[in-house]
Amino acid sequence: MKTSSRTQDPSPTERQEQPSGLPSLYDARAVESEIYERWIEAGLFVAHPERTVRSGGDRLPFVVMMPPPNVTSVLHMGHGLNNTVQDVLVRWRRMCGDETLWLPGTDHAGIATQNAVEKLIAREGETRHSLGRAEFVRRTEAFVAETGGTILQQLRAIGCSADWTRTAYTLSPRLSRAVREAFVRLFERGLIYRGHRVIHWCPRCLTSLSDEEAEHHETDGKLYHIAYPLTSAHSREEERAIVVATTRPETMLGDVAVAVHPEDARYADLVGRTVLLPLSNVEIPIVADEATDPDFGTGAVKITPAHDPNDFEVAQRHQLAMPVVIDETGIVREVMDAGGRVPDDLRGLDRFAAREAIVRKLTESGALVRVEPYRHAVRRCYRCSTVVEPRLSEQWFVRMKPLAQPALQAVREGTIRILPERWEAVYVNWLENIRDWNISRQLWWGHRIPVWYCDGCGKVSASREDLARCPACSGPVRQDEDVLDTWFSSGLWPFSTLGWPDETPDLKAFYPTDVLVTAPEILFFWVARMIMNGYAFMGEAPFHTVYLHGTVRDTNHVKMSKSLGNGIDPLDVVRLYGADALRYTVIAGMGLGADTILDPNDLERSFAPGRNFVTKLWNIGRYLLANAGDGEVLPLEAIPPEKLRRADRWILERLDAAIAACDAALGPARPTGDRWSPEVRYTGLRLNEYAEAARTLTWNELADWYLESVKARLATQGEDGEIARSVLTHVFDRALRLLHPIVPFATEALWQRLPGHQEGTWLAVAPWPRPAGWSGGSEFEIVREAIVAIRQLRGEYNLPPARVIRAVLLPSSRWSAVLQEEAELIGRLARASVEIGAASAEPAAHAVLTDGTEVLLPLAGLIDIERECARLRRELESLDRQLAAVRQRLNDARFLERAKPEVVAAEKEREAEWSTRRTALARKVASLCGT
RNA sequence: GGUCGCGUAGCUCAGCUGGUUAGAGCGCUGGUCUCACAUACCAGAGGUCCGGGGUUCGAGUCCCUGCGCGACCACCA
């Protein structure tokens, strides 16, 4: 073991001043980095496939796949929360004896990374096109090599116990091979196809997007009503035009028809006739189509097949042309099949400028009938927020319905559970209505689509290996220019990271995995697709539990983000308060699935509780080492049970209760069979409850009560002192184990110094505690009650703790012996000299315990008894008056007759309550003032 | 438009299948540097559990409704 770097170690001279060997203040910074290094050196986080039951070992595997952050991202609070949750689970299971694997890695993040690099080269005046594809990819690789993976380094600072020897990257050769394999298999199964249709297009990123990547944003827009004149006179004079409503007038240049509902009587006789498209002066037909909603707008809708997915389908049904009038950058021009539709003065305008120009022209010509404000959802690019332009193009799609089937069934039958439960409905709903997934991206950064086209014979080949010539005609081939959606590769994460498609020892031992921890935002992007892929390629679910945690927000409930400036840098928190404080705060404050609210303007308020808790732990440790020494302690089993004192039994019983509470809160780690039984399906993973149970044991029970009660015994030589030392050490040891997953650093630092610690053993892999079945702690409860009662009376009369006072206990018969025996202890903790059973007439403050034991605090000479008596008597008189009034009312027959029953009931209740209060007050007066 | 969630102490939140006196942390008040800890200890105040109705012996918890937030989904232009 290295000692040179252990900066928290006091020098030999300090050691004398600090008999505990621990500095008085916990130095998180020094302790944390040093301990983390030693964990890594000891290889504690490295998983061993051969030790799992799946590979002939005796351990159950417990596997968590880290949601790969974007390779270029830096750690923010969201990552902090996400990874802390995972680390807590992983550390818990590791201590439980599972062969744990927490596999870390990063995502190449196609659009995001490409955008970042394009911004970078723009400073040099370059564009990706000026550089060319090969050079651009090279530059991006260099950028990733330089800045990528920072976040993984940062995760170590918050204590993540991931297996860094298995760090994965979606664009690595190994995972790229998995991507190709997956693509080709789906292609061969007919689940990947090429389609010509209207997709979401980002005119800034210059790529198509999936439905999920085009986010809806509520926007205040306008609904324009435009008259399209009929080309021939109609019987009814007033209907010389048909009015259509649109939010995007600029698309009218690409209109090929006007559609009405087949059963719409208003337009029945117009179907089959034609109108003249304003501005373009093209004659277009009026068609009848079911897709038209007669109740919206005028009931007539313009059809722009190339720039609207619905219109595209209408046009297909009616075999209409599909002129493209907006290009890939959002400029209005004649792109394809437009045939002079776009007036000269509109060509070259941006789509929004064109909209204004068109509205102006229509207003001038009188074709614009009406404009009304209209609030609707506009789709925007999830990466750059640019308004998405629907665009007709050639793309690759995955046929989702067959893949969704088993994924749906898995959640319906409980093979996979999603927590919180409510997300299961969302998941099911999405899968039931799933549409085909556009997976091609017109980007350069990503996995190039492994498809080759033969210009000779026209064959389209998907291939695992690069093709140089056509497998059919041996002619020259060219590879598809596009790359795959980033989420295609991350969807393979649970098995591609384990070596698939090879049958590696890792894959055998660690697939399927166990719990997936992530935020609900990527339930569809990622989680659902992993599940579908799990079934498609591995034949079984990739995990049995999806744990969806909340979002980190500021005090205004706004999501934290760097761009909004309301973020908290987890590394700042680590620097100021320590990683343990950060972890404790997020875990303790997190209801299942609830958002975490933190105040970026007041880190102290947010994180002090965590830091304070760690300080408390540290101080318990200091006391223990200073007073129980660091030599061997008596094993608990070696103590004859009858020699245990009441406090010993009590704390051991509390320990059992805490272990049970922690276990219940964390829940079963996995289902018992191949699916979750209804009884336990939604239990467990209540990390805040677990944290609370462990904290209460450590602080409120061990430190506040047991430690205080045991101080005198520790000072004594001999057997009882040894027993106290043993119990204290034992309970603190177990408390450290329970707490370790939440605050790993401080607990490890203390545990390593516990009396009897064996060199080379680690808390990180120490066995998780089990309840031992202790009982007999309840006798100590009456002792605690007596102490609290004396303290309360002391507080009531403002007697400073330094003032040792007399206290007289008149025990009920039941606990007489107990209180007698514990009188010294009671006195010490309540700072009083305790006498038992000597009732006297002297003036005393008075209280009654739950079992009837009376507590008297003689006050002669301590307070002005005359004044206090006068005050109490006034109080008693006032109470008597009120009581008399209530009783009179209740005795009044007329009141009982006329008042509402609930009023009578309330009065009766009041009478009972005041009557009880009067009894207590009267006793008080009697003991203080005499009768 | 559809689906779902939330509204509990000044603040941030627990409160599981309805069951004694609704909890925690922070904050607040009073008292303490009591030899592990003032990043602490002791005691205390503070809640019509958003409003209204209902079911029940009993509702913070279940049902209906109103108000106020929020999330997700969405091919009525």
Side-chain angles (χ1 to χ4, degrees), chain A residues 20 22 24-26 198 211-212 215-216 223-224 244-248 251 259 291-304 308-314 374 376-377 379 390 420 422-423 425-426 429-430 433 435 520-521 523-524 550-551 553 555 557 577 581 585 588-599 602 604-606 608-627 664-665 679 682-683 686 688-689 691-692 695-696 700 703-704 707-708 711 787-788 791-804 828-831:
Chain A
S20 64
L22 293 185
S24 60
L25 213 59
Y26 175 63
V198 174
D211 294 345
E212 290 70 35
E215 294 178 336
H216 291 271
L223 192 59
Y224 301 88
V244 297
T246 181
T247 53
R248 304 173 57 220
T251 62
T292 312
D293 178 359
D295 296 327
F296 184 86
T298 59
V301 58
K302 60 195 255 334
I303 300 299
T304 322
D308 185 288
N310 301 313
D311 294 1
F312 174 77
E313 286 175 21
V314 174
Y374 187 63
H376 63 133
R379 283 184 183 257
R422 62 174 183 274
W423 287 104
V426 176
N429 183 56
W430 185 75
N433 299 299
R435 283 177 291 162
E521 289 107 271
L523 181 60
F524 306 140
T551 307
R553 299 174 185 279
T555 46
H557 292 205
Y577 307 101
T585 300
M590 186 180 59
L592 181 67
D595 287 343
T596 299
I597 310 295
L598 295 171
D599 189 347
D602 193 350
E604 174 72 17
R605 184 175 189 278
S606 297
R611 176 204 54 194
N612 294 356
F613 180 61
V614 170
T615 304
K616 188 71 185 181
L617 265 183
W618 190 250
N619 281 308
I620 297 171
R622 285 181 67 210
Y623 180 84
L624 190 147
L625 294 184
N627 296 281
E679 301 81 56
Y682 300 110
T683 63
R686 267 64 176 183
N688 57 328
E689 290 178 23
E692 178 58 19
R695 192 201 73 91
T696 301
N700 301 353
D704 289 349
L707 192 67
E708 292 301 332
K711 278 180 174 173
I787 293 164
V788 169
R791 284 172 177 172
Q792 281 171 342
L793 291 176
R794 178 199 282 282
E796 198 176 325
Y797 291 101
N798 257 330
L799 305 173
R803 186 134 200 190
V804 176
R828 195 157 45 77
L829 294 196
R831 304 191 66 76

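Per chain, numbering begins at 1; letters A, B, ... match sequence-line order.
Remark: A/R435 does not engage A/E212 in a salt bridge, criterion side-chain N to carboxylate O under 4.0 Å. Salt bridge A/D599/A/R605: absent, no basic N to carboxylate O contact under 4.0 Å.
Figure legend. B/rU20 is base-paired to no nucleotide; pairs are counted as Watson-Crick or G-U wobble with both atom distances under 3.5 Å. Applying the Watson-Crick and G-U wobble criteria (two distances, each under 3.5 Å), B/rG47 pairs with nothing in any strand. Pairing for B/rC41 is with B/rG31, a Watson-Crick or G-U wobble pair whose two hydrogen-bonding atom distances lie under 3.5 Å. Pairing for B/rG5 is with B/rC69, a Watson-Crick or G-U wobble pair whose two hydrogen-bonding atom distances lie under 3.5 Å. Partner assigned to B/rC26 is B/rG10, using Watson-Crick or G-U wobble distances below 3.5 angstrom. In a base pair of the Watson-Crick type (N1 to N3 plus N6-O4 or O6-N4) or a G-U wobble (N1-O2 and O6-N3), with each distance short of 3.5 Å, B/rU56 is matched with no nucleotide.
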Steps toward side chain to side chain contact (heavy atoms under 4.5 Å, CB included) verdict (A/R248, A/K302): CA-CA 11 Å; A/R248 304 173 57 220; A/K302 60 195 255 334; over 6 Å; no
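When the ring-ring contact (aromatic ring centres under 6.0 Å, His included) test is applied to A/H376, the partners found at least two apart in sequence or on another chain are A/Y374. The salt bridge (Lys or Arg N to Asp or Glu O under 4.0 Å) test applied to A/D293 returns no partner, not counting sequence neighbours. Residues satisfying the side chain to side chain contact (heavy atoms under 4.5 Å, CB included) criterion with A/Q792, sequence neighbours excluded, are A/V788. A/F312 pairs by the side chain to side chain contact (heavy atoms under 4.5 Å, CB included) definition with A/R197, A/V198, A/Q316, A/M322, A/L392, not counting sequence neighbours.
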query: Which letters describe nucleotides 68-77 of chain B, given B = protein heavy atom under 4.0 Å from base, S = only from sugar-phosphate, - = neither?
result: ----SSBBBB
field: Footprint string (nucleotides 20-42 of chain B, 5' to 3'): B base within contact, S backbone only, - free, heavy atoms under 4.0 Å
entry: ----SSB---SSS-B-BB-BSSS
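Atom C1' of B/rC26 sits at a distance of 14 Å from the matching atom of B/rG46, rounded to the whole Å. For the P atoms, the distance from B/rC75 to B/rA14 is 33 Å, rounded to whole Å. Atom P of B/rU61 sits at a distance of 15 Å from the matching atom of B/rA9, rounded to the whole Å. Rounded to whole Å, the separation between the P atoms of B/rG51 and B/rC11 comes to 15 Å. Only the C1' atoms considered, B/rC67 is 15 Å distant from B/rG53, to the nearest whole Å. Comparing B/rU8 with B/rC42, their C1' atoms are spaced 28 Å from each other, to the whole Å. A distance of about 16 Å separates the C1' atoms of B/rA40 and B/rG25, rounded to the whole Å. With both ends at atom C1', the span from B/rG68 to B/rU56 equals 29 Å, rounded to whole Å.
Under the 4.5 Å side-chain criterion, counting only non-hydrogen atoms from C-beta, A/T555 is not in contact with A/D602. Side chains of A/W618 and A/L25 form no contact here, defined as non-hydrogen atoms less than 4.5 Å apart.
The shortest heavy-atom contact between A/P294 and A/T292 is CD-O, 3.3 Å.
Comparing A/T596 and A/E796 by the nucleotide of RNA chain B whose heavy atom lies nearest to each, the residue mapping closer to the 5' end is A/T596.
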